[in-house]
Amino acid sequence: MPALLLLCALLHLGQHSTLARRHIPCTDLRPQDLLSEIIEASRKLVNAIRVVQERGVRGLRMSQDLKAACFPASLIFKMCNYFPAEFSIIFTLKVNYLPSKKNEYIFTLLQENSNHLLLGLRVSSDKLHFEFSPGEHPYSHRKRVTFRDLYLADRHWHTLVLAVTTDIVSLTVDCCPPIDMFLDIPFPEHLNTARSEFHIGSRRRRKGLFTGLLRQLVLLPGSDATRRICPNPKPRLAALSIPKLLTELPLKPSETDVVKHPYEAEVKVTVGSHPSCTDIEVGRLWFDVINKGLFICDGKTWVPILQAKERLDYLEDYQNLVTNSETLDVEVFEIPNIGLFAATANKKPWPGSTIFKWSDGKFEPYQNITTYEAQAWKHFFIGHQVFLAVANFEKNERNQEYSVIYRWSRRKLRFVLYQRLATHSARDWEAFRISGETFLAVANHREGDNHNIDSIIYKWNPNTRLFERNQTIPTSGAYDWEFFTIGPYSFLVVANTFNGTSTRIYSRIYIQLGGMFRLFQSIQTYGATDWEVFRVQERVFLAVANSQSYATGGLNRLNPFNINSTIYELNITAQMFVKFQDIPTNSAVDWEFFTVGDDSFLVVANSFDGSKFFLNSVIYRWQGYESFVPVHRLPTYGCTDWEKFSTADGSYLIYSSAKERISKVLKLKTF
């Protein structure tokens, strides 16, 4: 009997012990700083992690040494081996760019001797995935909760709070209202963490390695951390616990010490000719030795950090660029690590159009490509690949009508034929990217005598690695496309020139909605040949080049070629572009916007006044209240295009001539 009582007492004691264990938290109900654990775990490894400063804020970049960014879960769960059933994960990150189908892990909790994932958080270009294992079996199916349309890979810092209860997962981004997701399978009350490891920035594999920056990664057991950090005057950097290493400068080591945690501002400084600025070079610095300026690449343009304020003084004749035949367009572009190029769109098919390369301060012929009355070139990037598309106006010797895309061959160091696309008297190509996808829009001018035909927007198919038809847009003698963005919205504007009876027709602005471009606004133009979008401070402008006013069988102007071109400004309240300024022009064919120091300029290509092609093209300077005023008159002959470019030696303008075999390079002299 006593033995039986003793057994019952032991069973009761064991049951009581089990119940007690279930109510004892496995870790302190205080913030558990996972990044600080990584810093401590990797302190003996040189270059294990790196401190990087971007946009004035420091974060950690994980090493590709996967062992350097992991630590056993027992360092966190000291009292027992169960992950809390309710918790928050607070993390601050910065992601520059992610391809559309790529996922990167912020952290994972993995069993030591297998790849079985107990818990994980991963990010893609527009989603955040929270994953957990509802069971302990290695082959148990993982549960995934996906938060969509987040777009965290935007080169900005963001702070997120992921709060988990039994059947709800809540996500708060930058202290905005939370997003709640209901779990059809509840988060397990007893997720066993015995013999498991935290991996920061990976899943114990190089695939999925986090390439961004982490500033904060905190586990808060037992509660939602949102109220602890929100509201906040800096919601993108709201903090619960930041490693000390990221808030203080590292101490200078003694002569015998090793730098345990290297510090760097993520900068790579380029000295020399004007480098390219793409997603690949984001964060890189460029020091302009000649003009004494320091610039940083934001992924699109070079933003000045320190710059001597230049003023445009005058322009001097710098180079006569001899071309194979008359030139209708010039495209100036840079190929990283190769150099600066200029592609001229020439009229005669043989020897064709020429690609020039900048060498020893001059453009020198580099490659000839057979074209058929080429109207325009357009260069663009897809990943690391460089492409050039030519708009052919005429048919080839076999009576075939197509325009061609060429790709830069790293092996041959030449552009090689890549894809032919059927076009109809093509005038222009426009390349652009929307949500990580690449598009090409062609301006089809006419088919036979019919000017009212469709122009085509093509979309890059990453599977076939070809451009495929995506959308058709009705146009009338289309001459030019211009793409631009305003906030989150993407726009395309077409210059319609002639409808078969009149040049006084509507050119149209389209906005992308629901994956398609839809009509946004119609603007009456007169033989429109070019649109130029530009910004002055926070104001957005569109300038149209009107070439002539003509109508068959109607009353025409005394001189239809001397006609105003017009600048329009975006009116936010009215949600439309309204007329801002008329500028007298002579059959204008092109506008080019550029800046020198703090000054903004527009140069117009005047091509014909009804009797002669020798005309002055004019540079206008922004004068604020006085709008754009003429400041320089440049003698040109049949001018059709202006392009501005810069090298280590200074800034230049180049114009093409449709009436002679010489295009000209002018150097901007500043003071």
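- Taking CD1 of I457 as the start and OG1 of T472 as the end, the distance is 8.5 Å to the nearest 0.5 Å.
- Not a single ring-ring contact (aromatic ring centres under 6.0 Å, His included) links Y458 to another residue, sequence neighbours left out.
- Between the OG atom of S170 and the CD1 atom of I179 there is a distance of 8.5 Å, given to the nearest 0.5 Å.
- The CG atom of N232 lies 8.5 Å from the CG atom of L237; values are rounded to the nearest 0.5 Å.
- A search for ring-ring contact (aromatic ring centres under 6.0 Å, His included) contacts involving F147 returns nothing, not counting sequence neighbours.
- Residue pairs meeting the salt bridge (charged side-chain N to carboxylate O under 4.0 Å, His left out) criterion with at least one member in residues 199-212, sequence neighbours excluded: E197-R204.
- With sequence neighbours excluded, the residues that form a ring-ring contact (aromatic ring centres under 6.0 Å, His included) with F187 are F87, F132.
- Going from atom CG of L93 over to atom OG1 of T159 covers 8.0 Å, rounded to the nearest 0.5 Å.
- Checked against the 6.0 Å centroid criterion, the rings of W377 and F333 do not qualify as a close aromatic pair.
- Using a 4.5 Å cut-off on side-chain heavy atoms (C-beta onward), I200 and L214 make contact.
- The ring of F387 has its center closer than 6.0 angstrom to the ring center of Y418.
- Applying the salt bridge (Lys or Arg N to Asp or Glu O under 4.0 Å) criterion to E86, with sequence neighbours excluded, gives no partner residue.
- Atom OG1 in T438 sits 7.5 Å away from atom CZ in F380 (nearest 0.5 Å).
- In this structure, the disulfide bond (SG atoms under 2.5 Å apart) partners of C175, at least two apart in sequence or on a different chain, are C230.
- In this structure, the salt bridge (Lys or Arg N to Asp or Glu O under 4.0 Å) partners of E104, at least two apart in sequence or on a different chain, are K102.
- A ring pair (Phe, Tyr, Trp, His ring centres under 6.0 Å) check over residues 148-170, counting only residues at least two apart or in different chains, returns nothing.
- The aromatic ring centres of F491 and Y510 sit 6.0 Å or more apart.
- Checked against salt bridge (Lys or Arg N to Asp or Glu O under 4.0 Å), D184 has the following partners two or more places apart in sequence or in another chain: K143.
- Within the 4.5 Å cutoff, the side chain of D33 has heavy atoms near those of the P243 side chain.
- With sequence neighbours excluded, no residue forms a ring-ring contact (aromatic ring centres under 6.0 Å, His included) with F210.
- Residue pairs meeting the ring pair (Phe, Tyr, Trp, His ring centres under 6.0 Å) criterion with at least one partner in residues 226-247, sequence neighbours excluded, do not occur; the list is empty.
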| Passes side chain to side chain donor-acceptor pair (under 3.5 Å), H199 versus T108? Steps please. | CA-CA 5 Å; H199 290 261; T108 53; 5.3 Å; no
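- Partner of F77 under the ring pair (Phe, Tyr, Trp, His ring centres under 6.0 Å) criterion, out of Y82, F71, F83: F83 alone.
- You'll find the ring centres of F341 and W408 inside the 6.0 Å limit.
- A search for salt bridge (Lys or Arg N to Asp or Glu O under 4.0 Å) contacts involving K78 returns nothing, not counting sequence neighbours.
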| message | For a ring-ring contact (aromatic ring centres under 6.0 Å, His included) check, start with the C-alpha distance between F130 and F107, then their side-chain angles and the critical distance, and finish with the verdict. | response | CA-CA 10 Å; F130 170 64; F107 85 95; 8.3 Å; no
| query | Between F645 and W358, is a ring-ring contact (aromatic ring centres under 6.0 Å, His included) present by the stated rule, with each step listed? | reply | CA-CA 11 Å; F645 65 95; W358 189 263; 5.6 Å; yes
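- Judged by distance alone, with hydrogens and angles left aside, the side-chain atoms of R215 form a donor-acceptor pair with the main-chain N or O of R58 at under 3.5 Å.
- At least one test fails for R433 against the ring of F483: distance under 6.0 Å to the centre or angle within 45° of the axis.
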